[in-house]
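What follows is one structure encoded as structure tokens, with my remarks underneath.
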Amino acid sequence: MRRGWLIAAAAAVVAAATAAVVPRLGAGSPEVPTTVVRSAEFRVRITADGNLSAVLDTPITAPVKTQQHLTVSWIVEDGTQVAEGDVVARFDPSQLEKDRDDGLSDERIGGHRIDSAERRREATAGQLELDAEVADAELDVAREFEASDLELYSKIEIVESRIDTELAATRAEHARTSQDIQDRLSAKEIELLAIEKRKAEIRVEQAEEGLSALEVRAPHAGIVMLERDWRGNPVRVGDTAWSGRSLAKIPDLGQMQAEVFVLEADAGGLAPGQPATVWLEADPLTAYPAVIKSVDPMAGRRNGQVPVQYFRAVLALDATDPTTMKPGARVHAEIRVADLERALTVPRQALCSLDGEPVVYRFENGAFEPVPVKLGPAAVGRVAVLEGLAEGDLVALRDPNAEGRRPNDGDGGDHAPPVLTGASP
């Protein structure tokens with residue numbers, strides 16, 4: 001990727017004209033290189049490379065009618081022109097067919113189990129009904145022949161007869177209760193078996209629904225752009241695709257944009273709204289006006305194997321030419337970060353920090369004093385100063401205190417006037 005900062009010729013002339021002067025602050029004092037602040041044109045340009053992409057596109061995803069992962073068995077080649085309804089991808093049906101067959105088998109087994117349970121229920125109900133009828137008959141007999149006459153039976157016989165009657169009544173009640181409990185248990189067993197059978201039916205339905213969706217078709221005509229992984233590889237036969245995974249997209253070729261990547265070191269002044277110019281690598285003689293639409297908030301790598309970081313910027317093109325602009329086409333861009341007709345600039349080494357704020361050390365009255373400044377756009381080697389300095393000011397090219405000496409060190413001595421070396425401004 002090319003990296004360029006372009007400053008207008010006037011600014012270069014000023015930089016050459018403002019050659020360093022070196023004030024000597026007194027006997028034994030270190031020399032401090034300086035420069036004179038001048039006003040000139042200040043233009044900053046950033047160059048970046050990238051690719052065209054569609055502003056709008058239609059995603060093509062793996063089938064959502066199955067909860068299982070699928071295996072791509074066929075997919076169109078990247079860049080294929082398709083018509084509406086054309087098959088874009090197919091998936092291996094093996095797992096879904098197995099699920100369908102297993103579900104059908106479980107469904108049949110569940111039906112047999114329900115039939116068996118219903119027959120057992122009928123048989124048990126018949127046996128319990130017979131037991132209940134016998135118990136009722138025994139109770140009737142016990143009540144009919146219950147001994148209760150004290151003149152005919154002894155007390156022991158009367159008590160035994162009463163016990164027999166009560167026992168017959170208990171047996172009859174137990175038979176009816178058992179019959180009711182067993183009937184409810186059988187009903188619950190059948191309900192559980194019906195649930196299992198229904199689960200098998202649902203598996204069959206889902207498998208058949210998934211099998212019916214294993215062919216993914218184009219929703220409309222266009223060029224298919226396959227999705228790529230972090231290594232840059234497109235979707236291929238044998239890849240695993242979960243439900244809803246993006247496989248490809250069909251871009252709208254009527255409106256294109258440029259996605260360019262700016263080196264992290266150059267991206268400090270990037271902001272939405274800045275003008276730019278884009279050239280297609282296939283047509284380098286035609287310039288397309290553009291403007292920055294967005295800048296990613298975080299830097300990232302373009303290639304996972306290379307540690308260099310970039311900021312991605314999206315450029316909105318003023319116009320789209322479908323005959324020459326295709327998705328993925330390489331582009332070169334020049335972004336106009338700063339375009340000042342007149343600006344005061346200083347070399348980067350003139351900037352210092354005092355209490356966390358930017359300052360420049362200006363030489364006046366025989367000493368260097370820190371002057372707070374408001375900074376504007378920057379280029380390689382120079383920075384625009386919006387407030388704090390005036391044309392003709394003499395400023396230090398390094399912190400004059402870096403050698404351990406202050407501009408006014410309180411020694412009571414007078415500072416000698418600066419001794420100028422080099423070209424005069």
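Quick note: residue numbers are just sequence positions, from 1. What you see is a predicted model, and the numbers here were worked out from it, not measured in a lab.
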Just verifying a value: how many Å separate [X] [atom1] and [Y] [atom2], rounded to the nearest 0.5 Å?
X    : Y    : atom1 : atom2 : result
E334 : L315 : CD    : CG    : 12.0 Å
I114 : E189 : CD1   : CD    : 10.0 Å
E281 : N51  : CD    : CG    : 9.5 Å
I202 : E209 : CD1   : CD    : 12.0 Å
T80  : I223 : OG1   : CD1   : 9.5 Å
D252 : D57  : CG    : CG    : 9.0 Å

Quiz item: Should we say atom CZ of R336 is surrounded by more than 12 heavy atoms from elsewhere, each under 6.0 Å from it?
Solution: yes
Quiz item: Is the count of non-hydrogen atoms from other residues, nucleotides or ligands lying under 6.0 Å from D355 atom CG greater than 12?
Solution: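 Atom CG in D355 is not crowded, with 12 or fewer foreign heavy atoms closer than 6.0 Å.
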Examine distances only and state if a side-chain atom of [X] and a backbone atom of [Y] form a donor-acceptor pair shorter than 3.5 Å.
X    : Y    : answer
E208 : E205 : no
S105 : D101 : no
R228 : N233 : no
T71  : G238 : no

Pairing of [X] and [Y] as salt bridge, 4.0 angstrom limit:
X    : Y    : answer
K98  : D102 : yes
R217 : D86  : no
D321 : K326 : no
R121 : E118 : no
E41  : R43  : yes
R312 : E259 : yes
R362 : E369 : no
K199 : D106 : no
E201 : R198 : yes

Practice problem: Decide salt bridge (charged side-chain N to carboxylate O under 4.0 Å, His left out) for D115 and R119; before the verdict, give the C-alpha distance in whole Å, the side-chain angles of both, and the deciding distance to 0.1 Å. | Solution: CA-CA 6 Å; D115 292 340; R119 286 194 295 270; 5.1 Å; no
Quiz item: Knowing that exactly one of N401, D399, V32 qualifies, which makes a side-chain contact (heavy atoms from CB on, under 4.5 Å) with F368?
Solution: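 Going through N401, D399, V32 one by one, the side-chain contact (heavy atoms from CB on, under 4.5 Å) with F368 is satisfied by V32 alone.
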Self-check item: Intermediate values then yes/no, side-chain contact (heavy atoms from CB on, under 4.5 Å), L253 and T320
Solution: CA-CA 8 Å; L253 303 182; T320 295; over 6 Å; no
Which atom of [X] lies closest to which atom of [Y], heavy atoms considered:
X    : Y    : answer
T61  : S246 : CG2-CA, 4.1 Å
T345 : A384 : CG2-CA, 4.1 Å
A83  : A218 : O-CB, 3.7 Å
T34  : A396 : CG2-CA, 3.9 Å
Y310 : R302 : CD1-CG, 3.5 Å
F91  : V72  : CE2-CG2, 3.7 Å

Going by heavy atoms in the side chains, are [X] and [Y] under 4.5 Å from each other?
X    : Y    : result
D393 : V36  : no
V37  : V385 : no
V308 : L263 : yes
P347 : T35  : yes
I60  : I250 : yes
E357 : P372 : no
L52  : P327 : no
M325 : L280 : yes

Quiz prompt | Stepwise salt bridge (charged side-chain N to carboxylate O under 4.0 Å, His left out) test for R45 and D339 | solution = CA-CA 9 Å; R45 304 289 187 266; D339 227 341; 3.4 Å; yes
Quiz prompt | Test log, rule side chain to side chain donor-acceptor pair (under 3.5 Å), inputs R90 and S73 | solution = CA-CA 6 Å; R90 294 189 181 94; S73 61; over 6 Å; no
Practice problem: Begin with the C-alpha distance, continue with both residues' side-chain angles, and end with the deciding distance and a verdict on side chain to side chain donor-acceptor pair (under 3.5 Å) for Q182 and T124. | Solution: CA-CA 8 Å; Q182 188 59 47; T124 302; 4.9 Å; no
Quiz prompt | Test log, rule side-chain contact (heavy atoms from CB on, under 4.5 Å), inputs L389 and V360 | solution = CA-CA 9 Å; L389 295 178; V360 172; 4.3 Å; yes
Self-check item: Audit row: L270, I335, side-chain contact (heavy atoms from CB on, under 4.5 Å) steps and yes/no
Solution: CA-CA 8 Å; L270 286 181; I335 302 171; 3.9 Å; yes
Practice problem: For residues H332 and W279, establish whether the separation of their ring centroids is below 6.0 Å. | Solution: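 No, they do not, as the ring centres are separated by 6.0 Å or more.
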Quiz prompt | Test side-chain contact (heavy atoms from CB on, under 4.5 Å) applied to E97 - qualifying residues, sequence neighbours left out | solution =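 E97: side-chain contact (heavy atoms from CB on, under 4.5 Å) contacts with P93, R100, L211.
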Quiz item: Yes or no on side-chain contact (heavy atoms from CB on, under 4.5 Å) for V224 and Q81, after CA distance, side-chain angles and deciding distance?
Solution: CA-CA 6 Å; V224 177; Q81 179 78 39; over 6 Å; no
Can you give the donor-acceptor pairs under 3.5 Å from side chains of residues 285-293 to other protein atoms, not counting sequence neighbours?
{"unit_1": "T286", "atom_1": "OG1", "unit_2": "D283", "atom_2": "OD1", "d": "3.4"}
{"unit_1": "T286", "atom_1": "OG1", "unit_2": "D283", "atom_2": "OD2", "d": "2.8"}

